[in-house]
Amino acid sequence: MTSNTRVVVIGAGLAGVRLARRLGELGTPALLVGDEEHAPYNRVLLAEVLAGRYAPEVITLPSPTGLLRTRVTGIDRAARTVSCADGMSIAYDTLVLATGSNPVLPPLRGLFTPDRRLPEGVHAFRTLDDCLGLAKAVRPGTRAVVIGGGLLGVSAARALAVRGAQVVLAQQAERLMERQLDPDASRLVLRHLTDLGVEVHTECRVRDVRCVAGAVRSVELADGYALDADLVVLACGVRPRTGLAEQAGLTVRKGVLVDDELRTCDPHIHAIGDCAQHDGTVYGLAAPALEQAESLAELLAGDTTARYRGTRSLTRLTLTGPGSPFDLAAFGETQARPGDDVVRLADATRGTYRKVVVRDDRLVGGVLVGELGTVGALARAWEGAEPLPDDGPLLHLLTNDGGS
């Protein structure tokens with residue numbers, strides 16, 4: 001069976017859905033092809049579903065009109081068709097790869113069964129199915145080990161603790177969320193988790209997953225110490241999903257290489273979102289994916305001047321549950337260089353922390369934990385990259401909410 005569609009978008013995540021919907025609004029219909037059985041959903045909110053705050057249907061995205069649920073198995077660039085697992089062949093004039101990313105599965109002994117499946121009780125945390133499987137398995141008192149202390153690992157540990165699990169988080173780096181936060185902010189995240197009963201091990205390498213009758217029973221650390229486990233959550237980062245692009249002979253490095261028109265080395269194929277590498281960067285965040293979708297929609301709808309120039313993206317995390325929410329935001333360079341000006345405001349009692357880094361009269365980074373009233377003003381000053389006004393003290397940056 002063959003159908004003809006001018007624009008075909010592979011991937012029904014945030015980027016693909018935004019692109020297809022925006023194209024529809026601009027009068028350029030697109031066919032969106034997604035391989036998950038669920039309606040498109042907001043992956044950013046999976047931890048809230050795991051924590052029990054949201055039902056799965058709450059994170060559903062507004063679907064565009066043309067949505068096909070099947071798995072794309074190959075791209076024929078010469079014929080300009082894609083082949084699907086159900087036997088369908090879809091012709092395209094323009095193809096957009098919005099294939100997202102896959103979870104990184106660490107090279108641990110015992111991680112896979114003989115048929116290359118994850119043992120019972122071991123879960124990645126990337127899809128709605130992963131989330132629903134974890135939610136079904138967790139009970140009050142369940143012994144859960146989260147491997148990874150980045151944004152995803154911290155979110156998963158918090159959600160499992162809220163559900164009553166006995167959680168141990170194992171982080172190979174020396175502190176939590178070391179890519180986004182400075183040491184002081186990392187300590188506040190650590191305190192928040194430990195206050196919830198999460199046991200955190202940093203500078204800790206996991207080497208073995210031990211199973212009995214195909215089900216996980218413990219996790220062994222590099223020093224030989226064993227952690228009993230009913231559940232293991234793999235939160236070790238993500239890797240761009242580039243298999244289709246590689247098979248089609250497109251240029252792939254960290255991700256699928258694209259230019260300012262988000263075009264690959266094939267002028268009829270574009271890439272956006274987690275799978276795309278633009279100007280040396282694979283973002284792996286929602287805001288850049290959505291900006292890329294908007295730029296590409298304008299271009300494909302006929303605006304020949306539309307270009308994507310990159311995103312100065314802010315990392316934001318809200319951990320909800322019992323008690324008050326725990327908010328944090330980080331952007332730019334949170335670690336100062338020699339000669340930089342740094343202003344910090346910390347309140348140990350309230351667990352709040354604000355810091356900005358200024359270089360040559362320009363805001364180059366910041367981190368806020370606990371109270372985000374100033375984040376809007378700070379983000380605008382950082383994104384604009386304009387010289388800071390000299391008619392007020394630097395402290396004003398941290399105390400003025402800018403109308404946010």
K.L.:
Which residues pass the ring-ring contact (aromatic ring centres under 6.0 Å, His included) test with F331, sequence neighbours left out?
P.N.:
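W382.
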
K.L.:
For R126, is there any backbone N or O sitting under 3.5 Å from a side-chain donor or acceptor partner on R43?
P.N.:
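Indeed, once roles are kept as given, a pair shorter than 3.5 Å links the two residues.
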
K.L.:
Closer than 3.5 angstrom, by distance alone: can the side chain of T194 be matched with the main-chain N or O of R191 as a donor-acceptor pair?
P.N.:
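Looks like yes, one N/O pair under 3.5 Å.
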
K.L.:
Are more than 12 heavy atoms from other residues, nucleotides or ligands located less than 6.0 Å from atom CZ of R239?
P.N.:
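No, not enclosed.
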
K.L.:
If the threshold is 4.0 Å, N to carboxylate O, is there a salt bridge linking R241 and D35?
P.N.:
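Answer for the salt bridge query: yes.
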
K.L.:
Between the side chains of R69 and E37, is the shortest nitrogen-to-carboxylate-oxygen separation below 4.0 Å, so that they form an ion pair?
P.N.:
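The answer is no: the pair does not qualify as a salt bridge.
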
K.L.:
Would you call R117-D115 a salt bridge at under 4.0 Å N-O?
P.N.:
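A salt bridge is present here (some side-chain N lies under 4.0 Å from a carboxylate O).
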
K.L.:
Sequence neighbours excluded, which residues qualify as salt bridge (charged side-chain N to carboxylate O under 4.0 Å, His left out) partners of D279?
P.N.:
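Applying salt bridge (charged side-chain N to carboxylate O under 4.0 Å, His left out) to D279 gives none.
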
K.L.:
So that I can tick it off, tell me whether D303 and R22 are bridged by a salt bridge, with the cut-off set at under 4.0 angstrom between side-chain N and carboxylate O.
P.N.:
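No, this pair does not count.
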
K.L.:
Please determine whether side-chain hydrogen bond (donor to acceptor under 3.5 Å, both in side chains) holds for the pair E291 and T311, giving the CA-CA distance in whole Å, both sets of side-chain angles, and the decisive distance to 0.1 Å.
P.N.:
CA-CA 8 Å; E291 283 192 26; T311 301; 3.1 Å; yes

K.L.:
Between T73 (side chain only) and S83 (backbone N and O only), is there a donor and an acceptor less than 3.5 Å apart?
P.N.:
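Looks like yes, one N/O pair under 3.5 Å.
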
K.L.:
Name all pairs fulfilling the ring-ring contact (aromatic ring centres under 6.0 Å, His included) condition that reach into residues 235-290, sequence neighbours left out, sorted by first residue then second.
P.N.:
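Residue pairs passing ring-ring contact (aromatic ring centres under 6.0 Å, His included), neighbours aside: H278-Y308.
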
K.L.:
Can you check whether Q277's main-chain N or O pairs, donor with acceptor, with K254's side chain at less than 3.5 Å?
P.N.:
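The answer is no, because no donor-acceptor pair under 3.5 Å joins these two groups.
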
K.L.:
How far apart are the C-alpha atoms of R6 and D93, what are their side-chain angles, what is the distance that settles it, and do they pass the salt bridge (charged side-chain N to carboxylate O under 4.0 Å, His left out) test?
P.N.:
CA-CA 5 Å; R6 193 174 81 82; D93 292 324; 5.4 Å; no

K.L.:
Less than 4.5 Å apart, side chain to side chain, heavy atoms only: is that true for P56 and L132?
P.N.:
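Yes, side chains in contact.
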
